[in-house]
Amino acid sequence: MGRRQKQNKKIVFSDTEFEGSRDDIAENDKKSNENRRRDTKLTDNKNNVTKIQPKTYKTVQFDDKSTENDDEYMKESPDSDDELIRNDQRLSRGDLKKKAENLYEVRKSLPVFKVKDQIVPQLLDNPVTILIGETGSGKSTQIPQFLMDYVDKNIAVTQPRRVAAMNLAMRVSEEYGCHVGEEVGYSVRFNNVTSHKTQLKYITDGMLLRELMIDPLLSKYSTVIVDEAHERTILTDLLIGFLKGLLHERNKSSDKPDFKVIIMSATLDAEKFSKFYDNAPILFVEGKMYPVERYYLDKPSDDIIDSMVKSVVQVNQGEPTGDILCFLPGQEDIDKAVEIIKTIAPELPKEAPMLVPMPLYAALPPQEQIKIFSNVKKGNRKVIISTNIAETSVTVPGIKYVIDSGLRKVKVWRHQLGLSTLLTVPISKASATQRAGRAGRESSGKCFRLYRESDYFKLTDTTEPEILRSEIISPVLMLKRLGIDDILGWHWLEHPGQESLVSSLQQLYTLGALNNSGKITDLGEKMVVLPVAPHLASVLIKAQEYNVLDDVIDIVSCLSVDNLMLTPSSEKRDEINAMRNETCTLGSIYGDLIMLKELFDIFKSINDPSERKKWCKDVAVSYKGFKNVNRIKKQIEDYMRLIKVDENAELDEYEDFEEEGSKAKELKIDLILKSFLHGFISNTAIGMPDRSYRTVTNGNLISIHPSSLLFGKKKDAIMYIEFVYTMKGYARNVSAIKLEWLQEVAPQLQGGKVSSNQDL
DNA sequence: GAGCACTGC
């Protein structure tokens, strides 16, 4: 390449060597932006690329909360995210106005505020605008407020994460001078804080899609702003696609367009969005980041944990105060690294700060996660060792050094095989920049990359959009709900590929969501409403027929909560397994679905919160998780009433297993499992004489996952909710089923594959 | 016979 000039600088610590380059991130990103802009002009003259720069640009230390939208996660010790929301309801209108006036001074210093007069006319003149706002530009908080003065009807600003939507609404309502839920509000799952007054609504993209399913014209809104579009989640991609059709629909009748779309994104992907929306203009606003120096290894690492630990020690001895953030791909690596640092920390030279390692990953219990926000003793140095969660979802304050393995874990869906694989893969350049940027939020910092600079140049520019490597049954059902017949020819922002789409259509047909001509059925309309995957939605509807809906709702709710079952440490493993088998007498025979039901019943039966917590600890389940199960259960019950599958079937009075005779209990369990079998008929396997299992669909070898209560038990046939491939094929959330049920539930299964005569 | 990254409804 030779594009960049280097002043080499070496830091040496045993066999970990960094080759330094003095470029900082801001500088380098600026260069690559310039390259991109040049490319745009070269390749597409019609693209109107406007670079807007603040007239008077000076360095200002921004209030963290005012400039970014992904922060403030888990600062207290909440049972649920919603308890994070500060309560400002007691302030008078006058006090609110005063507060807003004070905040106005801060707002004025934001880069995007300084170019307000240049941006706003552009946004007003075009039905679609692509706004590239770098980190710290203030785009998420300011742009929507600018527009409030000009547009009729409501503005929706979408966010990929709930916490971001809630915090942005909090902040912007303060700036605006109102209570949350008045002129400025938010809408996320379980929480709709809006009123008839609300003009500006921060909303998760999932919630807006849900609104779109109910009102396909989004007639309440004049403007939809899609924020963080560069993250390319499935839901954002879908939304961007739907909005394209909607622009056409809403603006075709009148000369004056009444519907506006703004795509806000970090640096990359601008051209793609612009082309997708018929060469929409691109605006560019610089952000505010402190410089981050980057260093590379001069030979590749052969043991990433070892290199990570050595680098931590090296930074600790060679660099002034400031905490360290390390990126490793997964929990196992992180736990190992933490252990090693804990062990060696007391042995290190006393001149350097004492290292205090802390793990950070989503499966970590909340009380452990919160520790990363605590202060360590003077003279100590925090070392946070994290997964990708610290790249976007959690912002750790006080970070001055980032050490990046350059790896992440990614779940890849193989639709041909109907299984998912968890792979460790190199990150993208965009991701590497984002990780490094975590060191430059409060002051200048340093980033040490545990790979060579030549390896960096080999990385892909951006992370592959999620839609290309995921199961897309639910998106396809949404398209069908909106009456889109030609799924293969739809204007996908990223076309998922024919195979993936055809397989989704076939599965939806098998579930009864589509008819022979590929149109959505009544059942499909009901499934799209339920806040669970289509497979589970069909299970719920079948359960109502079998009159076991309450039990199945409980189980489905448990399945909807991540990290409900905690994985005990290796020393405690046998003890916990024995305890779970003892506690769940039925689960130990029938499997994990019934175990979940038993555990949830016990959880509900304990009234005293501290006793509940103790019980959760004993059987290694998440307390917070079960509280979420309760909320999801209530939501599903509401939706089931809404869609009224069977007028005659009513939600039963709650009865738990203990109150029933053993015969009745057995029958009920059969019906519960049969309900699930209707949704998961292709996730079944037959027990072989050698204790292995072979899938019904294609005879592949499959093993029961060690986390299952049925692990090591011999059954005639099993049904599983998920099929993952790690060291080998594993079935997760396994239940024992009777062989004859397969015939009963799916006679067409005979002789192998589920057939489909659907005309595609 | 041995282990799952991150979100969203």
Side-chain angles (χ1 to χ4, degrees), chain A residues 70 73 81 158-165 187-192 203-214 228 231-239 327-335 360-364 386-394 407-412 420-425 427 431 463 466 469-470 474-475 477-478 527-534 536-537 556-557 560-563 565-570 573-574 577 628 631-632 635-636 638-639 690-693 703-708 710-714 722 724-728 730 732-733:
Chain A
D70 52 5
Y73 188 67
D81 300 334
T158 71
Q159 291 294 320
R161 285 170 291 277
R162 333 174 355 110
V163 183
S187 174
V188 299
R189 190 182 193 181
F190 305 125
N191 247 327
N192 183 355
I203 182 169
T204 45
D205 32 26
M207 280 301 281
L208 191 65
L209 279 170
R210 190 153 281 271
E211 290 190 7
L212 199 71
M213 292 299 110
I214 295 157
E228 311 286 2
E231 288 192 21
R232 303 298 307 276
T233 66
I234 293 179
L235 298 179
T236 340
D237 268 26
L238 272 181
L239 198 56
F327 286 98
L328 279 173
Q331 176 176 344
E332 201 186 336
D333 306 315
I334 290 168
D335 288 341
L360 176 63
Y361 41 82
L364 203 66
S386 171
T387 60
N388 240 354
I389 194 171
E391 194 179 304
T392 48
S393 301
V394 176
L407 299 170
R408 66 175 183 137
K409 280 194 177 180
V410 62
K411 197 172 196 168
V412 179
S420 54
T421 324
L422 205 66
L423 299 172
T424 301
V425 297
I427 58 174
S431 209
T463 307
E466 204 186 352
R469 50 177 168 80
S470 308
S474 180
L477 186 58
M478 285 189 200
M527 284 164 59
V528 83
V529 171
L530 292 168
V532 293
L536 288 171
V556 169
S557 303
S560 302
V561 170
D562 288 331
N563 307 316
M565 306 298 296
L566 305 173
T567 34
S569 59
S570 50
R573 195 176 51 209
D574 293 345
N577 279 346
N628 273 327
R631 297 210 289 183
I632 293 172
Q635 195 187 29
I636 293 176
D638 289 345
Y639 280 121
D690 63 348
R691 298 168 68 91
S692 71
Y693 292 88
S703 308
I704 296 176
H705 196 272
S707 65
S708 171
L710 293 187
F711 179 68
K713 292 176 186 166
K714 172 96 186 69
E722 205 186 356
V724 293
Y725 201 94
T726 49
M727 300 299 283
K728 55 182 186 178
Y730 283 108
R732 300 189 75 232
N733 281 314

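Side chains are part of it too, since the values below use all heavy atoms of this structure and drop only hydrogens, waters and symmetry mates.
- Closest to the A/Arg162 side chain, of the nucleotides B/dG3, B/dA5, B/dG8, is B/dG8.
- Within the 4.0 angstrom heavy-atom criterion, only backbone atoms of the sugar-phosphate kind lie near A/Lys728; the bases stay farther away.
- The closest side-chain donor-acceptor pair between A/Tyr361 and A/Asn563, if any, does not fall under 3.5 angstrom.
- Note on A/Thr567: a base of the nucleic acid sits closer than 4.0 angstrom, heavy atoms only.
- Residue A/Glu722 is in base contact, counting any heavy-atom pair closer than 4.0 Å across all strands shown.
- With B/dC6, B/dG3, B/dC9 as the candidates, the nucleotide lying closest to the side chain of A/Arg189 is B/dC9.
- Side-chain atoms of A/Glu391 and A/Ser431 form a donor-acceptor pair, as typed in the model, at a separation below 3.5 Å.
- Counting to the nearest Å, the P atom of B/dG8 and the CD atom of A/Gln159 are 11 Å from each other.
- Using a 4.0 Å heavy-atom distance criterion, A/Asp562 is classed as a base contact.
- Close to B/dG3, at under 4.0 Å from its OP1 or OP2, lies a side-chain N or O of A/Tyr730.
- Rounded to an integer number of Å, the gap from A/Leu360 CG to B/dC6 P is 8 Å.
- Closest approach to the A/Lys409 side chain among B/dT7, B/dA5, B/dG3 is made by B/dA5 (side chain taken as heavy atoms from C-beta onward).
- One atom, CZ of A/Arg631, and another, C1' of B/dC9, lie 13 Å apart when rounded to the nearest Å.
- Of the inter-residue distances, the one linking A/Leu208 atom CG with A/Met213 atom CE reads 9.5 Å to the nearest 0.5 angstrom.
- At the phosphate of B/dA5, OP1 or OP2 sits under 4.0 Å from a side-chain N or O atom of A/Gln331.
- In this entry the distance linking OH of A/Tyr639 with P of B/dC9 reads 10 Å, nearest Å.
- Counting any heavy atom pair closer than 4.0 Å across all strands shown, A/Arg691 reaches no nucleic acid atom.
- As rounded to whole Å, 10 Å separates atom P of B/dA5 from atom NZ of A/Lys411.
- In this structure, A/Arg408 reaches neither bases nor backbone, as no heavy-atom distance under 4.0 Å exists between it and the strands shown.
- Atom CE in A/Met565 sits roughly 14 Å away from atom C1' in B/dG3 (whole-Å rounding).
- Counting distance only, with no hydrogens placed and no angle test, the side-chain atoms of A/Arg573 and the base atoms of B/dG3 include a donor-acceptor pair under 3.5 Å.
- Taking a cutoff of 4.0 Å between a charged side-chain nitrogen and a carboxylate oxygen, A/Glu332 and A/Lys409 do not qualify as a salt bridge.
- Judged as a ring pair (Phe, Tyr, Trp, His ring centres under 6.0 Å), and not counting sequence neighbours, the contacts of A/Tyr730 are A/His705.
- Going from atom CZ of A/Arg161 over to atom C1' of B/dT7 covers 7 Å, rounded to whole Å.
- Atom P of nucleotide B/dG8 and atom CG of A/Asn563 are separated by 13 Å, given to the nearest angstrom.
- Look at A/Thr204 and you'll find a side-chain N or O under 4.0 angstrom from OP1 or OP2 of B/dC9.
- OP1 or OP2 of B/dC6 has at least one side-chain nitrogen or oxygen of A/Thr387 nearer than 4.0 Å.
- If you find the closest nucleotide of DNA chain B to A/Pro531 and to A/Glu332, the one lying nearer the 5' end belongs to A/Glu332.
- With sequence neighbours left out, the side-chain contact (heavy atoms from CB on, under 4.5 Å) criterion links A/Asp333 to A/Ile305, A/Leu328, A/Pro329.
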